[in-house]
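Okay, so here's the structure we're looking at.
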Amino acid sequence: MKQKTSSLCVVVDDSIFLAVALAHLAKGSHVLSLFPGLQEKGAQYLQAVAAANGYSKDHVEVQKMSELLTSQSFQEKIDLLVGEPFYYGNNSVLPWQNLRFWKDRSLLDSVLSEGAVIMPCKGLLKACAMSLPDLWQSHQCLQHVEGFDHSVVNSTIGACGGLPPGQENPTLPFSVWQCGESKKMSDIVTIMEFNFLKTISPCSGKAKVEFITHGKCHGFVLWIDWVMDTEQSIVLSTGPEQRYWKQGVKLLKEPVAVGSHGSATTDCHSADIETSFDPSTGDLIVDYAFS
């Protein structure tokens with residue numbers, strides 16, 4: 001942006017820091033923040049810290065998506081579209097809910113300049129098989145306890161262990177580091193890729209997980225790594241080691257004995273994971289099979 005005399009930069013999510021950084025670094029650019037969740041609070045903050053960060057209050061503004069798409073005041077095209085992605089209020093949702101960035105980018109496709117920079121440029125859906133005995137134990141189905149039927153709360157707590165036949169176990173958002181005892185049972189695999197350089201579309205993928213240790217597998221942990229640049233020099237991971245993000249955990253109905261090749265013949269040595277993303281609902285369907 002420093003190489004251009006004038007450019008339009010849009011922060012599509014609720015990233016306060018990105019808006020401040022752009023306003024500070026790209027002096028000749030017009031910075032526009034959508035702040036879909038923060039809205040007026042975000043605008044007030046940008047105004048309050050303007051002088052301290054070396055930009056004028058009219059250098060950056062906050063506007064709604066609908067206003068941007070219908071506004072006649074911006075004849076110029078967007079040169080930089082950026083996000084973490086982070087959406088205010090999404091702290092406790094599944095990782096792929098932040099693919100709202102891809103939807104927002106697609107809505108703005110007609111006002112992107114030729115060669116516009118989009119950051120992140122893609123997302124990688126990652127997965128790992130894990131031993132999670134404490135988490136699995138805490139999410140077993142409840143039936144009769146002390147003579148009382150507690151089954152009504154199963155859907156509320158997202159019960160996974162011991163589900164009746166034919167009932168699908170849900171994928172739940174957790175920070176794995178807070179879930180008690182945990183252990184990786186496989187290497188990390190990439191299941192599929194979301195290409196933000198193109199408009200949003202249905203996509204699917206599959207990968208084989210090879211178990212690297214012996215023990216009980218209680219489920220699969222899934223997350224998204226955000227690739228910021230086309231050279232892949234900057235990748236923001238939201239995996240289990242990152243304490244500020246939640247992962248999606250697909251707990252099994254019953255723990256499965258697994259092991260690397262050469263262990264007991266009764267153990268499963270690998271698992272196939274298939275996923276599909278529906279942009280109309282934002283849902284990610286996860287299926288698996290052990291072998």
Side-chain angles (χ1 to χ4, degrees), residues 1-39 42-43 45-47 49-50 53-88 90 96-124 193-203 224-236 277 279-280 282:
M1 295 300 102
K2 290 181 179 180
Q3 299 172 2
K4 295 188 176 184
T5 56
S6 178
S7 58
L8 177 59
C9 311
V10 174
V11 180
V12 76
D13 61 357
D14 287 304
S15 302
I16 283 276
F17 174 75
L18 286 178
V20 174
L22 278 171
H24 175 76
L25 294 171
K27 300 296 185 183
S29 301
H30 184 188
V31 181
L32 189 63
S33 294
L34 299 186
F35 289 159
L38 292 173
Q39 297 182 358
Y45 182 84
L46 292 179
Q47 296 290 307
V49 302
N53 287 279
Y55 63 87
S56 60
K57 292 184 178 181
D58 62 351
H59 185 51
V60 58
E61 69 174 290
V62 177
Q63 195 173 54
K64 294 181 179 179
M65 173 75 79
S66 58
E67 294 173 344
L68 176 60
L69 292 173
T70 58
S71 174
Q72 300 300 316
S73 59
F74 293 101
Q75 302 301 325
E76 57 196 316
K77 297 285 189 176
I78 298 172
D79 298 297
L80 172 64
L81 186 73
V82 64
E84 284 195 59
F86 164 74
Y87 289 92
Y88 179 73
N90 272 20
W96 36 93
Q97 296 300 315
N98 285 320
L99 288 173
R100 176 177 175 176
F101 174 83
W102 196 9
K103 180 180 178 181
D104 291 342
R105 170 261 180 270
S106 301
L107 289 173
L108 294 170
D109 188 63
S110 62
V111 292
L112 292 176
S113 67
E114 186 177 352
V117 176
I118 299 173
M119 299 178 68
C121 64
K122 66 180 176 181
L124 303 175
E193 178 180 305
F194 309 102
N195 185 359
F196 305 144
L197 300 182
K198 299 180 179 179
T199 55
I200 194 168
S201 62
C203 49
I224 295 179
D225 281 358
W226 306 100
V227 181
M228 289 297 169
D229 58 331
T230 53
E231 293 78 21
Q232 301 194 41
S233 63
I234 304 172
V235 179
L236 174 65
F277 174 68
S280 65

Geometric class of the Phe196/Phe194 ring pair [parallel <30°, tilted 30-60°, perpendicular >60°]: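 Because their plane-to-plane angle is under 30°, the rings of Phe194 and Phe196 count as parallel.
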Over 60° means perpendicular and under 30° means parallel, so classify the ring planes of Phe277 and Trp102, tilted if in between.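 It falls in the parallel class, under 30°.
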May I ask you to decide if [Y]'s main-chain N or O and [X]'s side chain share a donor-acceptor pair within less than 3.5 Å?
X	Y	value
Asp13	Phe35	no
Ser106	Ile200	yes
His30	Glu61	no
Asp14	Leu38	yes
Asp229	Ile234	yes
Tyr87	Gln97	no

Met65 vs Asp104, test: side chain to side chain contact (heavy atoms under 4.5 Å, CB included). Steps then yes/no. CA-CA 8 Å; Met65 173 75 79; Asp104 291 342; 3.7 Å; yes
Nearest heavy-atom neighbours spanning [X] and [Y]:
X	Y	result
Ser33	Leu46	OG-CD1, 4.2 Å
Met228	Gly83	CE-O, 4.1 Å
Val62	Gln39	CG1-O, 4.3 Å
Ser110	Lys77	O-NZ, 2.7 Å
Pro279	Ser201	CG-C, 3.8 Å
Arg100	Pro36	NH2-CB, 3.2 Å

If you define the side chain from C-beta out and look only at heavy atoms, does anything of Val10 sit under 4.5 Å from Val82?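 Result no, sub-4.5 Å side-chain heavy-atom pair not found.
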Would you please say whether a donor-acceptor pair under 3.5 Å links the side chains of Ser113 and Asp79?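 Yes, a side-chain donor-acceptor pair sits under 3.5 Å.
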Ser29 versus Ser7, side-chain donor and acceptor atoms under 3.5 Å: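 There is such a pair (donor and acceptor under 3.5 Å, judged by atom type) between the side chains of Ser7 and Ser29.
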Using the side chain to side chain contact (heavy atoms under 4.5 Å, CB included) definition, which of the options Leu22, Leu81, Val20, Leu80 pairs with Val11?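 Running side chain to side chain contact (heavy atoms under 4.5 Å, CB included) over Leu22, Leu81, Val20, Leu80 with Val11 returns exactly one hit, Leu22.
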In terms of heavy-atom contacts, does CZ of Phe86 have more than 12 from other residues, nucleotides or ligands at under 6.0 Å?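 Enclosed: over 12 neighbouring heavy atoms sit under 6.0 Å from CZ of Phe86.
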